[in-house]
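Here's the structure we're looking at; comments come further down.
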Amino acid sequence: MLLEVAANSVASAIAARHGGAGRVELCASLAEGGVTPSHATIAMAREAIALPLYVLVRPRAGDFVYAPYEWDLIHADIAHCRRLGCDGVVVGALDEAGRVHSRCRELVEAAGPMGVTFHRAIDVSTDPVAAVDDVIAAGCERILTSGSRAHAHAGAAVIRAMAARAGGRVAIMAGAGVTSGNIAELVRVTGVSEFHASAKQRLPSRQPKGVGLSMDAGEWRTDETEVAAIVQALAAVDPKAVNRQ
């Protein structure tokens with residue numbers, strides 16, 4: 001079983017590595033569901049960690065129906081990730097009917113040798129279980145999902161159904177609200193073997209004065225200790241107790 005950590009900075013990526021994560025998804029703006037990190041952040045994270053590094057390629061927060069120029073942005077960012085030697089990208093798009101966009105296939109082709117995860121756009125698709133077939137047709141290797149709920153535990157039944165639909169043709173990775181306290185139960189109830197967590201903590205501000213603005217707050221950063229606790233909890237799960245799909 002594997003833990004992927006959503007890291008919102010180079011410091012978070014390093015903390016994920018120290019905590020024992022198996023893979024890092026690099027992003028920015030976790031509070032908005034994540035967007036593409038800066039080119040410099042990607043380059044420095046690639047140099048800093050030897051773990052498999054996947055980069056979220058999402059041009060903005062909000063919905064996943066993109067304008068033509070936004071598709072151009074996505075392609076440009078995928079090309080940048082290839083040049084920097086990233087191991088994969090995390091993408092996703094829907095059409096106006098709420099289905100997986102047919103152009104997602106071209107994103108997989110643009111990724112070339114990199115792996116491709118389809119992100120939680122699937123959770124706001126019209127039918128997440130049926131959408132598994134569309135993601136497979138696009139050529140993705142993995143789907144990140146919360147089962148269309150706010151957190152993976154609440155969406156466990158849908159995650160199981162998605163895994164059954166996949167039938168091993170694509171990996172299903174459960175994410176959202178994954179902690180060291182619930183990971184063992186999530187393994188049991190979802191039957192999947194890949195999990196995604198931010199394991200984040202709020203650091204106190206180092207500024208001497210606050211005036212009540214959002215800029216007063218300290219940063220969110222991956223907590224190395226929580227990553228290690230999740231990894232340890234995963235390792236302790238008895239495989240015989242897991243009802244695999």
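- Residue-environment remark: CD (E185) exceeds the threshold of 12 foreign heavy atoms within 6.0 Å.
- Under the salt bridge (charged side-chain N to carboxylate O under 4.0 Å, His left out) criterion, E32 pairs with no residue at all, not counting sequence neighbours.
- When all heavy atoms of V192 and A163 are compared, the closest pair comes out as CG1-CB, 4.0 Å.
- Residues V57 and L30 are members of separate hydrophobic clusters, defined by side-chain heavy-atom contacts under 4.5 angstrom among Ile, Leu, Val, Met, Phe, Trp and Tyr.
- Atom CZ of residue R99 and atom CG of residue D127 lie 11.5 Å apart, to the nearest 0.5 angstrom.
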| message | Using side chain to side chain contact (heavy atoms under 4.5 Å, CB included), reason through C140 and V108 one step at a time and then give a plain yes or no. | response | CA-CA 7 Å; C140 298; V108 175; 3.9 Å; yes
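- One hydrophobic cluster, built from ILVMFWY side chains closer than 4.5 Å, cannot hold both I74 and V35; they sit in different ones.
- Residues L144 and E25 are in side-chain contact: their nearest non-hydrogen atoms beyond the backbone lie under 4.5 Å apart.
- Rounding to the nearest 0.5 Å places CG of D63 at 8.5 Å from CG of L94.
- Between the side chain of R58 and the backbone N or O of C27 there is no donor-acceptor pair closer than 3.5 Å.
- Minimum interatomic distance between A121 and A93 (heavy atoms only, all atoms of both residues): CB-N, 4.4 Å.
- Between C81 and R46, every side-chain heavy-atom pair lies at or beyond the 4.5 Å cut-off.
- The distance from the CD1 atom of I143 to the CD1 atom of I159 is 11.5 Å, given to the nearest 0.5 Å.
- Pairs passing the salt bridge (charged side-chain N to carboxylate O under 4.0 Å, His left out) check and including a residue from residues 161-181, sequence neighbours excluded, read D133-R165, D133-R169.
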| task | Start with the C-alpha gap between S9 and R221, add the side-chain angles, then the distance that decides, and say whether side-chain hydrogen bond (donor to acceptor under 3.5 Å, both in side chains) holds. | result | CA-CA 7 Å; S9 65; R221 185 183 297 180; 5.1 Å; no
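- Nearest heavy-atom pair across A111 and V89 is CB-CG2, 4.2 Å.
- The two residues V231 and G19 make their nearest non-hydrogen contact at CG2-O, 4.0 Å.
- Here W220 sits alone; no ILVMFWY side chain lies under 4.5 Å from its own, so it joins no hydrophobic cluster.
- I230 is not listed as a side-chain neighbour of F195, based on a closest heavy-atom distance of 4.5 Å or more.
- Scanning all heavy atoms of the two residues, the minimum distance from A156 to V189 falls at CB-CG2, 3.7 Å.
- For R142 (side chain) and M173 (main-chain N/O), no donor-acceptor pair under 3.5 Å exists by modelled atom type.
- Residue R103 places its CZ atom among more than 12 non-hydrogen atoms of other residues, nucleotides or ligands, all under 6.0 Å distant.
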| query | Can you list the steps and then say if M162 with V129 is a side chain to side chain contact (heavy atoms under 4.5 Å, CB included)? | reply | CA-CA 5 Å; M162 292 170 72; V129 176; 4.0 Å; yes
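- When each of V91, T36, L73 is tested with I78 by the rule side chain to side chain contact (heavy atoms under 4.5 Å, CB included), just one qualifies, namely V91.
- In this structure, the separation between OG1 on T222 and NZ on K200 is 9.0 Å, given to the nearest 0.5 Å.
- With a 4.5 Å cut-off between side-chain heavy atoms of Ile, Leu, Val, Met, Phe, Trp and Tyr, the cluster of V90 takes in Y54, L56.
- Across T41 and S38, no two heavy atoms sit closer than the pair OG1-OG, 2.7 Å.
- Distance check: C86 SG to M114 CE gives 7.0 Å after rounding to the nearest 0.5 Å.
- Cluster membership for M1 and L186, using ILVMFWY side-chain heavy atoms within less than 4.5 angstrom, is shared.
- Between the side chain of R149 and the main chain of H151, no donor-acceptor pair closer than 3.5 Å is present.
- Under the 3.5 Å distance criterion, the side-chain polar atoms of N182 are matched with a main-chain donor or acceptor of G177.
- Side chain of T145 to backbone of I122: no donor-acceptor contact under 3.5 angstrom is found.
- Remark: D223 does not engage R202 in a salt bridge, criterion side-chain N to carboxylate O under 4.0 Å.
- Counting only residues at least two apart or in different chains, ring-ring contact (aromatic ring centres under 6.0 Å, His included) contacts with residues 93-130 comprise F64-H119, W71-H101.
- Checking side-chain atoms of D123 against main-chain N and O of S146 turns up a donor-acceptor pair under 3.5 Å.
- Considering E70, H80, E106 in turn, E106 is the only one that fulfils the side chain to side chain donor-acceptor pair (under 3.5 Å) rule with H75.
- Residue I42 belongs to a hydrophobic cluster whose other members are V10, I14, V24, L26, M44, I49, L51, L53, V55, L84, with links defined by side-chain heavy atoms closer than 4.5 Å.
- Remark: side-chain polar atoms of E226 are paired, donor with acceptor, to backbone N or O of S180 under 3.5 angstrom.
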| CA sep, side-chain torsions, deciding dist, call: L234, V187, side chain to side chain contact (heavy atoms under 4.5 Å, CB included) | CA-CA 8 Å; L234 267 178; V187 174; 3.7 Å; yes
